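Structure, as structure tokens:
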Amino acid sequence: MEKKLAGQIAIITGASSGIGAGVSKALAAAGATVVVNHPVAATKNAAEAVLSEIKNEGGTGMTYQADVSKEEEVKKMFSETIFQFGTVDILVNNAGLQRDAPFTEMTLEQWNYVLSVNLTGQFLCAREAIREFIRRGITPEKSKAAGKIICMSSVHEVIPWAGHANYAASKGGIMLLMKSIAQEYAGHKIRINSIGPGAIKTPINRAAWETPEAEKKLLELIPYQRVGVVEDIGAAAVWLASDDADYVNGITLFVDGGMTLYPGFSTNG
Ligand code: NAD
């Protein structure tokens with residue numbers, strides 16, 4: 001594979017499983033040194049396993065434990081990365097979770113937990129990344145941009161989701177966080193975009209694809225008639241982070257097999 005991200009340092013949050021693990025492997029295969037972030041001691045082994053796979057394929061990086069919703073932990077993750085590798089060129093704001101409940105039964109704790117990881121976590125990490133991108137500026141031999149951020153959003157930044165109001169609100173929030181900071185820092189040659197995954201087979205949505213019956217029901221929502229895999233998102237992340245996407249700023253790239261195409265209308269509504 002062509003090393004389109006050679007010499008670049010990438011932090012991927014929530015990377016000990018699912019999409020974050022897949023994106024870490026894809027960025028590493030494209031030549032980036034990856035920081036495989038994970039939140040707690042219990043996720044360390046899984047993060048180490050992701051890093052081992054990357055190293056076995058010739059990649060480099062480290063694991064780093066930090067809860068993205070905690071300001072001091074995020075700051076330490078960035079300062080330690082800069083200490084170890086010199087800088088940060090790419091941030092993939094991927095960490096996210098669900099705490100589902102019918103709206104009238106949703107507790108404030110469920111609401112706050114989802115917003116603090118999914119939205120505040122993206123704010124805290126993006127702020128540290130942009131501070132470093134501005135400090136360092138452009139390194140022409142690495143990239144035309146001074147830095148790239150990819151926010152892991154969801155089709156639920158535009159598709160309402162009953163029973164998941166906290167999650168959908170967090171993803172809608174990511175959309176305007178991403179666009180606002182893309183607008184604010186474009187003049188610094190910083191590119192900020194989102195990926196909006198549809199249904200990707202990961203632990204977060206196992207119940208939706210685990211049995212043939214569940215998968216059949218899920219496919220009703222996917223015009224392309226295939227449930228996504230983490231490699232679909234990894235390929236999109238490599239492209240968005242590379243100079244091939246140098247003129248792409250402030251967009252959400254939906255990688256969803258057409259889930260956002262209102263499939264209910266495919267037979268004329
Ligand atoms: P996942 O559960 O495998 O991954 C989420 C990761 O976030 C886990 O590794 C978890 O340890 C980590 N995490 C949770 N809290 C954290 C914290 N406080 N600090 C750091 N890391 C933390 O599920 P996934 O599907 O890989 O989800 C990754 C992202 O993709 C999420 O933002 C999710 O909303 C988004 N997404 C997934 C799908 C899908 O179909 N799988 C669709 C749309 C969007």
Side-chain angles (χ1 to χ4, degrees), residues 4-5 8-15 17-37 50 61 68 74 77-78 81 87-96 117-119 121-133 142-158 170-186 188-198 200 202 204 228 230-256:
K4 293 194 178 231
L5 305 177
Q8 300 192 48
I9 315 302
I11 294 179
I12 304 96
T13 67
S17 65
I19 289 173
V23 167
S24 299
K25 290 175 199 170
L27 296 188
T33 295
V34 291
V35 177
V36 178
N37 161 260
V50 172
V68 295
V74 169
M77 174 167 69
F78 276 80
T81 300
T87 190
V88 179
D89 302 279
I90 299 163
L91 165 68
V92 183
N93 251 339
N94 168 76
V117 174
N118 295 15
L119 187 55
Q122 294 223 7
F123 155 66
L124 291 171
C125 293
R127 194 183 55 173
E128 292 312 305
I130 292 170
R131 286 173 173 166
E132 172 59 11
F133 297 164
K142 286 205 285 190
S143 177
K144 292 176 182 167
K148 284 87 52 154
I149 297 177
I150 298 169
C151 302
M152 206 54 70
S153 184
S154 165
V155 291
H156 295 296
E157 73 169 42
V158 291
S170 74
K171 297 300 183 180
I174 287 167
M175 177 179 64
L176 276 176
L177 169 67
M178 178 277 289
K179 285 178 189 277
S180 299
I181 57 179
Q183 186 191 60
E184 195 166 337
Y185 292 101
H188 290 267
K189 303 285 280 180
I190 293 168
R191 293 193 298 106
I192 305 168
N193 294 286
S194 289
I195 294 175
I200 310 297
T202 74
I204 210 173
V230 298
E231 289 76 12
D232 293 315
I233 307 300
V238 169
W239 180 73
L240 273 178
S242 77
D243 280 355
D244 288 347
D246 187 54
Y247 209 47
V248 180
N249 195 19
I251 64 142
T252 297
L253 176 59
F254 289 107
V255 181
D256 68 350

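If you're wondering where the values come from, they're calculated on a predicted model, not measured in any experiment.
At least one donor-acceptor pair under 3.5 Å links the side chain of Thr202 to the backbone N or O of Ile204. The main-chain N or O of Ala126 is never found under 3.5 Å from a side-chain atom of Arg131 such that the two would form a donor-acceptor pair. Side-chain atoms of Ser242 come within 3.5 Å of backbone N or O of Trp239 as a donor-acceptor pair. With hydrogens and angles ignored, the 3.5 Å screen pairs no side-chain donor or acceptor of Gln8 with any backbone N or O of Ala32. Put simply, the side chain of Asn93 never gets that close to the backbone of Ile150: no donor and acceptor are under 3.5 Å apart. Panel note: side chain Asn193, backbone Gly250; a donor-acceptor pair is recorded below 3.5 Å. No side-chain donor-acceptor contact under 3.5 Å links Ser194 to the backbone of Ser153.
The closest side-chain heavy-atom distance from Ile149 to Ile130 is below 4.5 Å. Looking at Ile9 and Ile90, their side chains never come closer than 4.5 Å, going by heavy atoms from C-beta outward. Inter-residue side-chain proximity for Phe78 and Leu91 is flagged as met; some heavy-atom pair is nearer than 4.5 Å. You'll find the side chain of Ile12 reaches within 4.5 Å of the side chain of Val34, heavy atoms only. Ile233 has its side chain within reach of Met152: a pair of non-hydrogen atoms, C-beta onward, lies under 4.5 Å apart. Taking 4.5 Å as the limit, some side-chain heavy atom of Met175 sits within range of a side-chain heavy atom of Lys179.
Remark: Lys144 pairs with Asp243, Asp246 by the side-chain contact (heavy atoms from CB on, under 4.5 Å) rule, at least two apart or across chains. Not a single salt bridge (Lys or Arg N to Asp or Glu O under 4.0 Å) links Glu157 to another residue, sequence neighbours left out.
Minimum interatomic distance between Gly14 and Asn94 (heavy atoms only, all atoms of both residues): O-ND2, 3.0 Å. Residues Arg191 and Leu240 share a closest heavy-atom pair of NH2-O, 2.9 Å. Here the shortest heavy-atom pairing between Val68 and Cys125 reads CG1-SG, 3.9 Å. Closest approach of Ser170 and Leu119 over heavy atoms only: O-CD1, 4.0 Å. Here the closest heavy-atom approach between residue Gly198 and residue Val155 is recorded as CA-CG1, 3.7 Å. Scanning all heavy atoms of the two residues, the minimum distance from Ile190 to Ala146 falls at CG1-CB, 4.2 Å.
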Legend entry - Check against side chain to side chain contact (heavy atoms under 4.5 Å, CB included), Ile192 and Phe133: CA-CA 12 Å; Ile192 305 168; Phe133 297 164; over 6 Å; no
Legend entry - Residue pair Val158, Phe254: steps toward the side chain to side chain contact (heavy atoms under 4.5 Å, CB included) verdict: CA-CA 10 Å; Val158 291; Phe254 289 107; 3.9 Å; yes
Inset, instruction - Evaluate the side chain to side chain contact (heavy atoms under 4.5 Å, CB included) criterion for residues Leu27 and Leu5: first the C-alpha distance (whole Å), next the side-chain angles of each, then the deciding distance (0.1 Å), finally the verdict. - result: CA-CA 7 Å; Leu27 296 188; Leu5 305 177; 3.6 Å; yes
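Expressed to the nearest 0.5 Å, how far OH of Tyr185 lies from CG of Asn249 amounts to 13.5 Å. Considering CG of Leu124 and CE of Met77, their distance stands at 9.5 Å, rounded to 0.5 Å.
Under a cut-off of 6.0 angstrom, the local environment of NZ in Lys142 is crowded, with over 12 non-hydrogen atoms contributed by other residues, nucleotides or ligands.
Using a 4.0 Å cut-off between charged nitrogen and carboxylate oxygen, Asp89 and Lys148 do not count as a salt-bridge pair.
Pro197 pairs in a side-chain contact (heavy atoms from CB on, under 4.5 Å) with only one of the listed residues (Val230, Val255, Asp256, Ile19), which is Ile19.
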